[in-house]
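Scroll down for the structure; my scribbles are underneath it.
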Amino acid sequence: MIATEAAYRHGEIWLEGLLNHLRANHQYFAEGVSDLNGGLQVLPANSLYLAWMDCRSLELNADELHHFMLTKARLWLDSGKKFGAEGHGYMRVNLGCSRATVNIALERLRNSMANR
């Protein structure tokens, strides 16, 4: 309880820093995906640290898309399929990480798109 109280009383600066980091990661990732010129796009943010990536341009069914991301891009993302029929063709990306991790993900995506 003491830690919770301290977070509520003194955590605003930390929280603002975290929110800025997450927003910057989302923008950076979206721009990086757009720069791949592979038809992938990241939707505007609707949550704090999760991003939806539209992969329908790859013309893969949900299972093929999941397999492609896992084995070719070497990225373990959430398949949109598990969120219902509307999620087919999308992948959910967790951006609650360091910029270095985002860079690794973008590099892996770049390589997988080039070797498709």
Side-chain angles (χ1 to χ4, degrees):
M1 289 189 330
I2 293 170
T4 301
E5 183 178 336
Y8 279 108
R9 287 182 189 243
H10 309 290
E12 188 171 349
I13 292 172
W14 174 86
L15 177 60
E16 286 303 317
L18 175 63
L19 293 174
N20 289 335
H21 174 78
L22 294 172
R23 288 182 191 113
N25 266 1
H26 190 280
Q27 180 178 350
Y28 183 81
F29 183 71
E31 290 171 359
V33 167
S34 179
D35 289 346
L36 296 175
N37 297 321
L40 303 179
Q41 63 181 358
V42 176
L43 303 179
N46 287 327
S47 68
L48 281 175
Y49 61 93
L50 299 171
W52 284 100
M53 184 167 55
D54 183 348
C55 305
R56 293 176 296 172
S57 66
L58 298 177
E59 299 180 351
L60 301 171
N61 69 38
D63 292 330
E64 292 168 338
L65 177 58
H66 179 73
H67 186 263
F68 174 80
M69 289 296 173
L70 192 59
T71 63
K72 303 292 185 202
R74 297 180 6 250
L75 296 171
W76 189 308
L77 307 176
D78 287 325
S79 174
K81 175 184 173 181
K82 75 183 200 180
F83 299 97
E86 299 86 3
H88 288 237
Y90 293 84
M91 298 300 285
R92 191 174 75 166
V93 182
N94 185 330
L95 296 171
C97 56
S98 69
R99 180 60 58 87
T101 300
V102 175
N103 280 326
I104 290 168
L106 287 170
E107 184 63 27
R108 289 180 181 181
L109 270 175
R110 185 175 298 108
N111 292 336
S112 67
M113 297 295 288
N115 297 314
R116 206 167 160 235

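Just so you know, residue 1 is the first one in the sequence shown, and it goes up from there. What you see below is based on every heavy atom in this structure, not just the backbone, and it leaves out hydrogens, waters and symmetry mates.
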Inset, instruction - Using the side chain to side chain contact (heavy atoms under 4.5 Å, CB included) rule, take Asp78 and Met91 through it: C-alpha gap first, then chi angles, then the decisive distance, then the call. - result: CA-CA 6 Å; Asp78 287 325; Met91 298 300 285; over 6 Å; no
Inset, instruction - Applying side chain to side chain contact (heavy atoms under 4.5 Å, CB included), run through Met69 and Leu109 and close with a yes or a no. - result: CA-CA 8 Å; Met69 289 296 173; Leu109 270 175; 3.9 Å; yes
Inset, instruction - Show the numbers, then the answer: is there a side chain to side chain contact (heavy atoms under 4.5 Å, CB included) between Tyr28 and Leu95? - result: CA-CA 10 Å; Tyr28 183 81; Leu95 296 171; over 6 Å; no
Inset, instruction - Given side chain to side chain contact (heavy atoms under 4.5 Å, CB included), test Arg23 with Gln27 step by step and report yes or no. - result: CA-CA 6 Å; Arg23 288 182 191 113; Gln27 180 178 350; over 6 Å; no
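Listed by chain and number, the residues in a salt bridge (charged side-chain N to carboxylate O under 4.0 Å, His left out) with Glu86 amount to none (sequence neighbours excluded).
Sorted by first and then second residue, the pairs that involve residues 76-116 and meet ring pair (Phe, Tyr, Trp, His ring centres under 6.0 Å), not counting sequence neighbours, are Trp52-Phe83. Residue pairs that meet the ring pair (Phe, Tyr, Trp, His ring centres under 6.0 Å) test with at least one member in residues 54-74, sequence neighbours left out, do not exist here.
Partner of Tyr49 under the side-chain contact (heavy atoms from CB on, under 4.5 Å) criterion, chosen from Leu19, Leu18, Asn25, Asn94: Asn94.
His26 and Ala45 make their closest contact through CE1-N, 3.5 Å (heavy atoms, listed as atom of the first residue, atom of the second, distance).
When side chains are defined from C-beta on, Cys97 counts as touching Val102, because their heavy atoms get closer than 4.5 Å. Within the 4.5 Å cutoff, side-chain heavy atoms of Ser57 are placed close to those of Leu40. At a threshold of 4.5 Å between non-hydrogen side-chain atoms, the residues Leu58 and Arg116 count as touching. Between Arg108 and Met113, the closest side-chain pair of non-hydrogen atoms is not below 4.5 Å.
A distance-only check finds a donor-acceptor pair linking the side chain of Glu64 to the backbone of Asn61 [under 3.5 Å].
With a 6.0 Å radius and a threshold of 12 heavy atoms from other residues, nucleotides or ligands, Leu15 has its CG atom above the threshold. Enclosure of atom CD in Glu12 is not indicated, since only 12 or fewer non-hydrogen atoms of other residues, nucleotides or ligands lie within 6.0 angstrom.
In this structure, CG in Asp54 is found 6.0 Å from CG in Leu43, a value given to the nearest 0.5 Å. With values rounded to the nearest 0.5 angstrom, Asn111 atom CG is found 13.0 Å from Lys72 atom NZ.
Linking ILVMFWY residues whenever their side-chain heavy atoms come closer than 4.5 Å, directly or via other members, leaves Val42 and Leu22 in distinct clusters. Follow the hydrophobic side-chain contacts under 4.5 Å out from Met53 and you never reach Leu50; the two are in separate clusters. The same ILVMFWY cluster, assembled from side-chain heavy atoms under 4.5 Å apart, contains both Leu65 and Leu106.
By the 4.0 Å N-to-carboxylate-O rule, Asp63 lies close enough to Lys81 to be salt-bridged with it.
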